[in-house]
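Here's the structure, in structure tokens; my notes come after.
Position 1 is the first residue of the sequence; numbering continues from there. Just so it is clear, the values below take in all heavy atoms, side chains as well, and ignore hydrogens, waters and symmetry mates. Both counts, for ligands and for their atoms, begin at 1 and track the order of listing.
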Amino acid sequence: MATAGAGAGVVKEKANASGEGRTSFVEGWEFMQTLGEGAYGEVKLAVCKESGDCVAVKIVTVDGGKEGLTHESLRKEVCILKMLRHTNVIKFFGQRTQGSTYYLLLEYADGGELFDRIEPDLGMEPGLAHHFFLQLLNGVEYLHSRGVAHRDIKPENILLDGVDTVKISDFGLSTVFRHMGKERKLSRRCGTPPYIAPEVCVYI
Ligand code: PIT
């Protein structure tokens, strides 16, 4: 399936499979299956009705109930995504909002998560691990060159395309540590507990 850049406005309501009439459509794009779900909301595959191109759409509703999720945090995530353009970083194509619901149109990585390529108790063939790790380093080096700290790198956030190209995703916890050459020391302890580096956990 082709992946795409995106242009189009919000939004028309259409009945979903259970007839609840709550499935939103970004105009010109048809929503398909859910690609991922998290505390923030969900990511759906959307197909351009005209060209057949595919994008991933992250759908987030700011309702005050989800911890740490605010209009401000969403704006920051979008602002960071807009700064980035690299083969190993998921591309951002645009954003639509409808009330408190944000639709982020993102590159569709059709190879799934790196997480699913790790076999329990076995890991991964070293040659393949090397292939992924080099690309991950390339992506992280690029982020740092742009002054962006991702702060939640983990196999679930490393997506793959159909030819095993690494795509770093989920910038919900990311922040800017360098702006116009001026560095800012970060002190917030964040990440996903099982993956947090010991030096970040230690309370000084
Ligand atoms: C895909 C497939 C998939 C999830 C995503 C993209 C999500 C990407 C994403 C999520 C973010 C963000 C940037 C990218 O800030 O299963 O093609 O929260």
Side-chain angles (χ1 to χ4, degrees), residues 1-6 8 24 26 29-48 51-63 65-97 100-118 132 135-136 138-140 142-144 146-177 188 190-192 195:
M1 263 193 276
T3 56
S24 291
V26 176
W29 296 86
E30 184 167 1
F31 283 179
M32 313 298 281
Q33 71 266 30
T34 300
L35 298 172
E37 271 172 295
Y40 57 82
E42 59 182 350
V43 177
K44 279 189 172 286
L45 173 64
V47 181
C48 176
S51 65
D53 288 347
C54 294
V55 291
V57 185
K58 176 173 166 174
I59 307 162
V60 186
T61 300
V62 177
D63 60 10
K66 292 172 202 136
E67 204 186 316
L69 193 69
T70 61
H71 292 285
E72 193 46 45
S73 69
L74 254 303
R75 272 194 288 270
K76 180 175 174 183
E77 182 174 342
V78 167
C79 180
I80 288 174
L81 283 167
K82 280 181 178 169
M83 294 165 57
L84 308 171
R85 192 134 289 242
H86 187 274
T87 323
N88 300 124
V89 177
I90 208 94
K91 285 190 180 55
F92 174 74
F93 297 129
Q95 174 210 331
R96 313 283 176 262
T97 45
S100 293
T101 302
Y102 291 71
Y103 299 80
L104 309 191
L105 279 66
L106 300 151
E107 181 178 6
Y108 174 46
D110 57 351
E113 297 173 5
L114 181 65
F115 183 90
D116 295 317
R117 301 289 289 275
I118 302 169
F132 289 138
Q135 295 182 70
L136 177 60
N138 259 327
V140 171
Y142 171 76
L143 295 181
H144 292 180
R146 306 291 292 134
V148 171
H150 184 284
R151 303 200 294 188
D152 200 19
I153 295 284
K154 57 181 179 179
E156 293 89 328
N157 287 343
I158 300 167
L159 304 179
L160 303 169
D161 72 4
V163 291
D164 280 353
T165 309
V166 161
K167 306 279 174 184
I168 298 172
S169 80
D170 200 339
F171 289 78
L173 281 180
S174 63
T175 198
V176 172
F177 68 87
R188 184 175 156 201
C190 63
T192 304
Y195 296 106

Residue list, side-chain hydrogen bond (donor to acceptor under 3.5 Å, both in side chains) with Glu113, at least two apart or on another chain: none
Partners passing side-chain hydrogen bond (donor to acceptor under 3.5 Å, both in side chains) against Asp170 (at least two apart in sequence or in another chain): none
Heavy-atom pair with the smallest gap, counting every atom of Val47 and Gly52: CG1-O, 3.7 Å
Within 6.0 angstrom of Tyr195 OH, more than 12 heavy atoms from elsewhere: yes
Pairs satisfying salt bridge (charged side-chain N to carboxylate O under 4.0 Å, His left out), at least one member in residues 76-89, at least two apart: Lys58-Glu77
Leu114 vs Phe132 side-chain heavy atoms within contact, under 4.5 Å: yes
Those protein residues which place at least one heavy atom below 4.0 Å from ligand 1: Leu35, Val43, Ala56, Lys58, Glu77, Leu81, Ile90, Leu106, Glu107, Tyr108, Ala109, Leu159, Ser169, Asp170, Phe171
